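Shown next, in structure tokens, is the structure this report addresses.
Note on naming: letters A, B, ... go to the chains in the order of the sequence lines (proteins, then strands), and numbering restarts at 1 for each one. Not measured: the values here are computed from a predicted model.
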Number of protein chains: 2
Amino acid sequence: MNLKQLSQNLGLSQTTVSRALNGYPEVSPATRRRVEEAARTFNYSPSTRAKGLATGQALAIGHVIPVSSKHEMVNPIFGDFIAGAGETYSRHGYEMILSIVDDADERRIYSGLKSRRAVDGVIIHGPRMNDPRLGLLHELGLPFAVHGRATGYDKPYAWLDVNNRSAFLRATDFLFDLGHRRIALINGLEVMDFAHRRREGYAESLRAHDVPLDPHLMRSGEMTEVFGYQSTRDMLAEENAPTAILCSSLISALGVRRAIEEKGLVMGKDVSVVTHDDALSYLQNGADVPIFTATRSSVREAGRRLAEMLLTTITEPTKPPLQQLLEAELMVGSSTGPAPRKD
Amino acid sequence: MNLKQLSQNLGLSQTTVSRALNGYPEVSPATRRRVEEAARTFNYSPSTRAKGLATGQALAIGHVIPVSSKHEMVNPIFGDFIAGAGETYSRHGYEMILSIVDDADERRIYSGLKSRRAVDGVIIHGPRMNDPRLGLLHELGLPFAVHGRATGYDKPYAWLDVNNRSAFLRATDFLFDLGHRRIALINGLEVMDFAHRRREGYAESLRAHDVPLDPHLMRSGEMTEVFGYQSTRDMLAEENAPTAILCSSLISALGVRRAIEEKGLVMGKDVSVVTHDDALSYLQNGADVPIFTATRSSVREAGRRLAEMLLTTITEPTKPPLQQLLEAELMVGSSTGPAPRKD
DNA sequence: AGGAAAATCCAAAGCGCTTTGGGGAGTGAT
DNA sequence: ATCACTCCCCAAAGCGCTTTGGATTTTCCT
């Protein structure tokens with residue numbers, strides 16, 4: 001069923017039917033009702049392609065997920081983020097289109113999306129330090145919003161980020177308050193902007209407590225369970241092992257726990273652990289009582305909000321870009337306790 | 001830059017330029033080269049919307065991800081599957097469009113995709129027992145392919161599935177061979193087709209070994225870490241506790257391990273564990289040696305293949321639908337060992 | 001009742017592409 | 001020189017919608 005058929009069926013012009021359906025005022029309420037009813041019974045919805053052609057809008061948002069060709073990891077966060085963003089899109093009648101892309105091809109993909117007029121804007125995932133994508137998109141004139149921020153890009157742009165620095169600052173302070181002095185950091189890849197900021201927060205706390213940075217206590221890598229396990233195992237094997245560990249992801253934290261327990265130590269007593277927790281739907285941090293003391297911020301909620309921000313950036317291009325900084329909450333679980341007494 | 005401008009620029013008609021770009025024979029090689037060159041320098045690609053309107057194709061595949069409104073869980077598998085499918089799509093010039101949908105709205109969404117002509121076909125995720133979606137899509141005339149199968153639907157349709165029954169049959173047999181007799185099953189929700197089949201395999205092995213099904217040893221729920229933990233904790237607390245546990249997901253298996261160790265038992269000695277492993281990129285089962293003995297099958301590879309199958313279903317609608325059954329491989333790790341001797 | 005303003009509705013153009021149905025220019029044979 | 005083919009190329013229609021610029025009818029004042 002298309003517009004033409006529907007309008008013939010109703011004995012009206014295409015113009016009137018279109019207007020009735022799109023809420024224009026120059027249609028009598030009675031006609032509008034009649035049209036809406038017919039549309040429903042014939043199960044008519046306008047073709048997105050035709051509509052897009054006519055209006056010049058795509059009514060679609062692109063999400064470009066970079067997958068490094070080297071270590072084919074799909075960000076585990078991405079599912080929940082997408083779910084959040086999807087809620088927003090369907091509320092506003094937008095489509096979400098996804099491209100999984102080797103990060104070497106990113107340039108081609110973005111300019112393709114632009115020149116094919118496939119989307120009205122894009123969300124940038126996993127911003128890195130001095131991320132070249134922001135400049136590219138600015139140059140292409142394709143509206144965008146960033147999940148995170150990109151240190152090194154100076155023009156204003158729309159973003160939503162967790163305050164990673166303050167979260168890790170507070171978490172580290174918390175460990176100091178418990179008496180810990182040797183605190184390790186198991187971080188994400190430090191080309192990632194978020195990891196850089198977390199490290200800054202950590203370093204700031206150490207500085208405030210007059211504890212020098214110790215490279216032996218700082219690891220950075222893709223945040224898998226195995227990475228958390230190996231890093232922890234190695235550090236616990238060294239002399240002067242850490243009494244507390246700060247970890248960038250709940251998944252890695254599971255590995256941290258495994259290494260601790262494998263060594264016959266008790267988490268929360270011999271070694272304290274604080275992790276960041278993205279509140280993923282399939283990986284809750286315990287049920288009633290959190291297992292891990294954590295800095296917590298829902299990535300799904302982030303998806304909802306950032307999508308909303310991008311849409312207003314698109315519909316109101318003159319406004320200055322929206323920006324939002326979320327504070328993570330510190331939830332105390334059973335993975336932390338006072339530093340063990342030295343004997 | 002659009003076709004008109006490009007053709008004016010070249011002093012050719014739109015027809016010729018379009019034909020040159022789409023590989024039609026009635027264009028001289030010289031002209032074709034000239035056109036291709038110009039398209040590249042002006043960074044021209046045809047508007048998807050216009051092309052779609054003209055050809056009647058969408059050049060897009062829909063993925064509808066159901067999210068139950070009750071327990072807002074996003075399937076952790078979905079990220080890797082999508083990544084695999086995305087590779088296939090970009091190779092064939094298709095777009096992937098994603099809808100995150102409360103499962104109560106599914107009907108509306110699918111018929112919307114159809115009547116808006118937004119996609120050429122869809123992939124069905126997470127098929128349930130007697131899944132109504134297959135009938136609906138058949139009725140709508142929207143091509144589809146299923147990740148898994150739907151028991152209770154009798155018309156032929158395209159699917160790709162892991163042989164869940166045989167995988168869990170072999171895994172259970174393996175545990176019997178190690179001397180276990182009290183074997184528990186921690187399964188996904190049994191409305192899900194895959195969980196039903198796994199249970200069948202498990203039950204078949206028990207029957208073959210003359211061990212009656214014991215409801216106390218069978219749990220089913222959303223496969224979170226917490227679910228694995230609680231189920232195991234409860235079962236280990238009962239008298240006549242299991243000596244081996246079969247688990248439907250690596251994530252739950254992490255919870256299983258936590259419960260075992262919390263009780264001061266050793267996994268692989270006091271309690272053996274076998275889990276299914278979807279080979280998720282962010283959750284590898286150990287590094288060199290697998291942590292868990294597992295039935296393994298890459299969900300990312302499944303995505304790649306199923307997408308390919310859907311595309312051929314679309315381009316060659318007369319052929320009978322493709323179907324593919326993958327066998328999981330049994331990888332022996334350190335989570336299994338001989339059944340403890342009764343004293 | 002007469003005229004202006006408001007309320008409804010419509011025909012047709014245009015969005016950017018593909019594709020149909022020709023048409024003119026070379027080429028070789030007669 | 002003429003004819004019959006190929007080779008290349010083109011004008012124009014059509015895909016399904018929105019939107020412009022009117023046209024027609026109703027309603028409201030005076």
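Between the side chains of Ser28(A) and Thr31(A), a donor-acceptor pair is found at a separation under 3.5 Å. Using modelled atom types and a 3.5 Å distance limit, the side chains of Thr16(A) and Ser13(A) yield a donor-acceptor pair. Side chains of Ser18(B) and Thr15(B): a donor-acceptor N/O pair is absent below 3.5 angstrom, by distance only.
Note on Arg304(B) versus Glu301(B): salt bridge recorded, some NZ/NE/NH1/NH2 to OD/OE distance being below 4.0 Å. Salt bridge status for Asp193(B) with Arg149(B): absent, with no side-chain N to carboxylate O gap under 4.0 Å.
Contact detail for Tyr157(A) and Pro321(A): the closest heavy-atom pair is C-CB, 3.5 Å. Between Val122(A) and Leu310(A), the closest heavy-atom pair is O-CD2, 3.6 Å.
For DNA chain C, the neighbouring residues in residues 10-21 of chain B, judged by any heavy atom under 4.0 Å, are Gln14(B), Thr15(B), Ser18(B), Arg19(B). Residues from residues 40-55 of chain A lying near DNA chain C, meaning a heavy-atom separation below 4.0 Å, are Leu53(A), Ala54(A) in numerical order. Taken residue by residue, residues 108-116 of chain B places no heavy atom nearer than 4.0 Å to DNA chain D. Residues of residues 22-31 of chain B having a heavy atom closer than 4.0 Å to DNA chain C, listed by number: Asn22(B), Tyr24(B).
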Apply the test side chain to side chain contact (heavy atoms under 4.5 Å, CB included) to residues Tyr153(A) and Asn130(A): give CA-CA distance (whole Å), side-chain angles for both, the deciding distance (0.1 Å), then the verdict. CA-CA 6 Å; Tyr153(A) 183 75; Asn130(A) 300 303; over 6 Å; no

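Distance CD1/Ile65(B) to CZ/Phe81(B): 8.5 Å, rounded to 0.5 Å. One finds the CG atom of Asp120(A) at 5.5 Å from the CD1 atom of Ile61(A) (value rounded to the nearest 0.5 Å).
In this structure, the side chains of Gln14(A) and Gln8(A) stay at 4.5 Å or more apart for every pair of heavy atoms. Thr312(B) is not listed as a side-chain neighbour of Lys319(B), based on a closest heavy-atom distance of 4.5 Å or more.
The interatomic distance linking Arg34(A) (CZ) with dT8(C) (C1') rounds to 13 Å, in whole Å.
Taking the 5' to 3' direction, DNA chain D first and last meets chain A under 4.0 angstrom from a heavy atom at dG16(D) to dG21(D).
Taking the six-membered ring for Trp and the full ring otherwise, the centers of His147(A) and Phe194(A) sit at least 6.0 Å from each other.
Counting only residues at least two apart or on different chains, the side chain to side chain donor-acceptor pair (under 3.5 Å) pairs with a member in residues 32-57 of chain A are Ser45(A)-Ser115(B).
When each of Arg107(B), Arg133(B), Lys114(B) is checked for a salt bridge (charged side-chain N to carboxylate O under 4.0 Å, His left out) with Glu139(B), only Arg107(B) meets the rule.
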